[in-house]
Protein chains: 2
Amino acid sequence: MVTIYDVAKKAGVSATTVSHVVNGTRTVAPTTEKKVRDAIRTLKYRPNVLARSLRQSRSNVIGLLLPDCRNPFYAELARSIEERAYKSGYSVMICNSSYNQDREREYVETLANGRVDGLIVAPLRSKSETIDACRDRGLPTVVVDRISDSVLVDQVVINNEYAGAQAAKYLLKLGHRQIGCITYLENWTATADRRLEGFRRTLNEAGVDLPDDAVVYSDFQFLGGQAAMEELLTKGPILTAVFACNDLMAAGALIALRRAGFRVPDDISVLGFDNSIEAVITSPALTTFSQPIADLCGASVNQLLQLMNGETNRPRRHVFNAPLVERESCAPPPSNTKPRGKAGVAVMDSKG
Amino acid sequence: MVTIYDVAKKAGVSATTVSHVVNGTRTVAPTTEKKVRDAIRTLKYRPNVLARSLRQSRSNVIGLLLPDCRNPFYAELARSIEERAYKSGYSVMICNSSYNQDREREYVETLANGRVDGLIVAPLRSKSETIDACRDRGLPTVVVDRISDSVLVDQVVINNEYAGAQAAKYLLKLGHRQIGCITYLENWTATADRRLEGFRRTLNEAGVDLPDDAVVYSDFQFLGGQAAMEELLTKGPILTAVFACNDLMAAGALIALRRAGFRVPDDISVLGFDNSIEAVITSPALTTFSQPIADLCGASVNQLLQLMNGETNRPRRHVFNAPLVERESCAPPPSNTKPRGKAGVAVMDSKG
DNA sequence: TCTCGGTTTACAATCGATTGCCAAATCGAT
DNA sequence: ATCGATTTGGCAATCGATTGTAAACCGAGA
């Protein structure tokens, strides 16, 4: 490896001068500068970023710790964060915890000690030592997508409970009364469970029950959603609508329903979440909630940049909303006796 | 930050001893070891990975440079590579070139100088200075998915020309004669263009023409595929089958066809590539070619590990095959006058 | 010739670890 | 008590940069 001393020797100057030429940190006489630049070019010298980082105690890298980059929502998040970070001169190191607590902890250990200047993390659990570990090390940290119990860390999230409530209102308005839900492990992430909470509360307020066997806990993945829908069909009550807490599971549900001979949305409605590419390419296309990814990433990166600049305001929670995107997968229930018109204009169905 | 010297002082030993306790590189008396471990626990000491890497000139990180992790094929590739690397004690730094040459070059600059021990890259172009830059720096490098012109670098790819030929044979066997193709920029990646090459050659050998206006160059993305299909419908010849060089574009083509009132596969067949999740959730599900991701990643990581261990065999090219996966999106052409039976059993259509 | 002010360059310490080499301590055997 | 072998532990150099401090240099004015 060619070092700064090799360049110095070839240019006939000291390493100090080479460093100042490379970084433009002090005025250097034009003739000296030329000698140095020539030497750099001849030797193909590149500064060793490790040595520089060690000395300056900053690496210009930020870490991004996600459950799984195959989930299109996280993939989109990763790209968007990387884009913003790049514009601010930072590279991004993306790591997948693979929905594994130990892996998550290990990655924090690996990342926290010098390798990154800051960390954006979508933690697996709300109550996790991961976040505490970051705080202990004094590592600037922002929690994104998922809520952490810790009040000492900045968080960037959507209002999941509100979105769940909107989901319920939408299905109720369409006339549904037999409603099910495919969600994620209980009390883990403060995402799917909050959506379920708002969903259930709003249904109850409207006098509609959400029985236990109409709720299936799955894994946010395609096959999981498919299996969950099959379980609902075999073991659950008769349903006219299902709210799946992400698009991948909703897509799985569509497949299970098609195989079982149901037509969506004629026989049963399916409501997704995320507005990922999956929502567009399924047939029928999914009615879903749009994750405000640009907002989430903008807020996360800005907040992290502030933290890394030493601005230590009291931690805050940035909250955004996920608006409903209507496509084709939701419609009034098949034997609907309620008015179908939008604003109360009664349009009786065949029974009327 | 608490350093090894802080621990040494608290434990009443030298930094040397602490280092050996942490790394298990020398026998340490049990009582001494206990003192050191207690001090480490009390002070919450963590070794600074930068300092360690600088001294050992290895970081235990490998870089992965991809065009775009939102593409499900690359997302899957990234996860699989990370999984294998993790098992060998390496972390993975994933970077997106975003289909941008400059970005690709900059990332190589950033990664190559100490930050990573090796690099797996899916370069944007076959003829690119990116690979040369890696070689100049002596960075162990493996090219994956795409072929590089450089004969001095290890490559792990599928046989795209063969797969293209198989695509042609399959459509010919179904009875198609009016065939189109949605591919990627010409002469860039040695993936889509090779597929097209094998595709065209095999069609020609069967006496079937692939006219210029039946080939559209797109961008490997969903919207691009949709636009490409629209272009084929408006400006191209009448077609009974389209080969899209990846599933995302095939999914886009399906949408365009549905909007234009075509039924797939009754009116027109669509053949995809990658066998990503998209191929399963579209309706109809895509007949496609299965990327042997496990093979690709296994070979890439193994090869890179060998390179990083200093084993410098002559660079080789690992080639795998992508088998056809039949689903629902391909069928005989609508007004087919050929036998439809599988093994020559003549089943005449309505014209018969 | 000497001094002064400003510019340009170099010396040497430092970041936080690892590690080759040597010294001290311990032990058992004679 | 002495010696040699074996453990155990520390000193100091090193990785490749950055940077505070000080020295060298240069032309101008006294």
Side-chain angles (χ1 to χ4, degrees), chain A residues 1-37 39-40 43-61 109-117 137-139, chain B residues 1-37 39-40 43-61 109-117 137-139:
Chain A
M1 160 169 269
V2 34
T3 75
I4 200 169
Y5 293 100
D6 300 325
V7 176
K9 187 187 287 178
K10 183 158 192 89
V13 299
S14 75
T16 305
T17 303
V18 177
S19 174
H20 288 304
V21 167
V22 169
N23 299 299
T25 34
R26 213 157 59 180
T27 56
V28 172
T31 55
T32 314
E33 173 162 358
K34 178 159 179 4
K35 280 190 295 183
V36 171
R37 293 213 180 280
I40 288 176
L43 298 175
K44 296 193 181 186
Y45 165 74
R46 294 286 145 190
N48 182 309
V49 287
L50 287 188
R52 173 183 289 170
S53 297
L54 176 59
R55 182 60 225 254
Q56 300 186 321
S57 38
R58 51 193 240 102
S59 61
N60 286 311
V61 177
E109 295 288 329
T110 309
L111 294 173
N113 294 93
R115 197 161 278 164
V116 299
D117 296 339
R137 307 213 192 316
L139 181 72
Chain B
M1 161 171 270
V2 33
T3 74
I4 200 168
Y5 293 100
D6 299 326
V7 177
K9 187 186 288 179
K10 182 155 192 95
V13 299
S14 74
T16 304
T17 303
V18 177
S19 174
H20 288 303
V21 167
V22 169
N23 299 299
T25 35
R26 203 159 68 181
T27 56
V28 172
T31 55
T32 314
E33 172 161 0
K34 179 161 176 4
K35 280 190 296 184
V36 171
R37 293 213 179 279
I40 288 176
L43 299 175
K44 297 192 180 185
Y45 165 73
R46 294 286 145 191
N48 182 308
V49 288
L50 287 188
R52 173 182 288 169
S53 297
L54 175 61
R55 181 60 226 253
Q56 300 185 322
S57 38
R58 52 195 237 101
S59 61
N60 287 310
V61 177
E109 295 288 328
T110 308
L111 294 173
N113 294 92
R115 196 162 278 164
V116 299
D117 295 339
R137 306 213 191 321
L139 182 72

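Only this structure's heavy atoms are used, side chains among them; waters, hydrogens and symmetry mates stay out. Quick note on labels: first sequence line is chain A, next is B, and so on, each numbered from 1.
- Spacing between atom CG of A:L54 and atom P of C:dT14 amounts to 14 Å, rounded to whole angstrom units.
- Looking at heavy-atom distances under 4.0 Å, A:R58 makes no contact with the nucleic acid at all.
- Summarising the geometry, atom OG belonging to B:S57 is positioned 8.5 Å from atom CE belonging to A:M1; distances are rounded to the nearest 0.5 Å.
- DNA chain D is contacted by A:T16, A:S19, A:H20, A:N23, A:R26 of residues 13-27 of chain A, taking any non-hydrogen atom closer than 4.0 Å.
- The CD1 atom of A:I40 sits 16 Å away from the P atom of D:dG16 (whole-angstrom rounding).
- Listed nucleotides C:dT9, C:dA17, D:dA17 differ in distance to A:A29; the shortest reach to its side chain belongs to C:dT9.
- Nearest nucleotide to the A:N48 side chain, out of D:dT8, D:dG16, C:dG16: D:dG16.
- Looking at B:E109 and B:R137, a side-chain N of the basic residue comes within less than 4.0 Å of a carboxylate O on the acidic one, giving a salt bridge.
- Rounded to an integer number of Å, the gap from NZ of A:K9 to C1' of C:dC11 is 17 Å.
- For C:dT30, the paired base is D:dA1 (Watson-Crick or G-U wobble, both distances below 3.5 Å).
- Distances shorter than 4.0 Å separate none of the side-chain N or O atoms of B:Y5 from OP1 or OP2 on D:dG10.
- One interatomic measurement links the two molecules: CZ of A:R115 to C1' of C:dG16, which rounds to 14 Å at whole-angstrom precision.
- Note: B:N60 CG to A:T110 OG1 = 9.5 Å, rounded to the nearest 0.5 Å.
- At the heavy-atom level, A:V28 lies under 4.0 Å from the strands shown only through sugar-phosphate atoms.
- The side chain to side chain contact (heavy atoms under 4.5 Å, CB included) check on B:I4 picks up B:A15, B:V18, B:S19, B:Y45, with sequence neighbours excluded.
- Not one side-chain nitrogen or oxygen of A:R55 sits closer than 4.0 Å to the OP1 or OP2 atom of C:dT14.
- For the pair A:Q56 CD and D:dT19 P, the computed distance is 5 Å after rounding to whole Å.
- Side-chain atoms of B:N113 never come within 3.5 Å of backbone atoms of A:V49 as a donor-acceptor pair (strictly under, hydrogens ignored).
- Nucleotide C:dA17 holds its C1' atom 7 Å from the OH atom of B:Y45, rounded to whole Å.
- The line from NZ of A:K9 to OG1 of A:T3 is 8.5 Å long, rounded to the nearest 0.5 Å.
- Nucleotide C:dC15 holds its P atom 12 Å from the CE atom of B:M1, rounded to whole Å.
- Residues B:V2 and B:R46 form no side-chain contact, since every pair of their non-hydrogen atoms from C-beta on lies 4.5 Å or further apart.
- Atom CG of A:L43 is separated from atom P of D:dA17 by 12 Å (rounded to the nearest Å).
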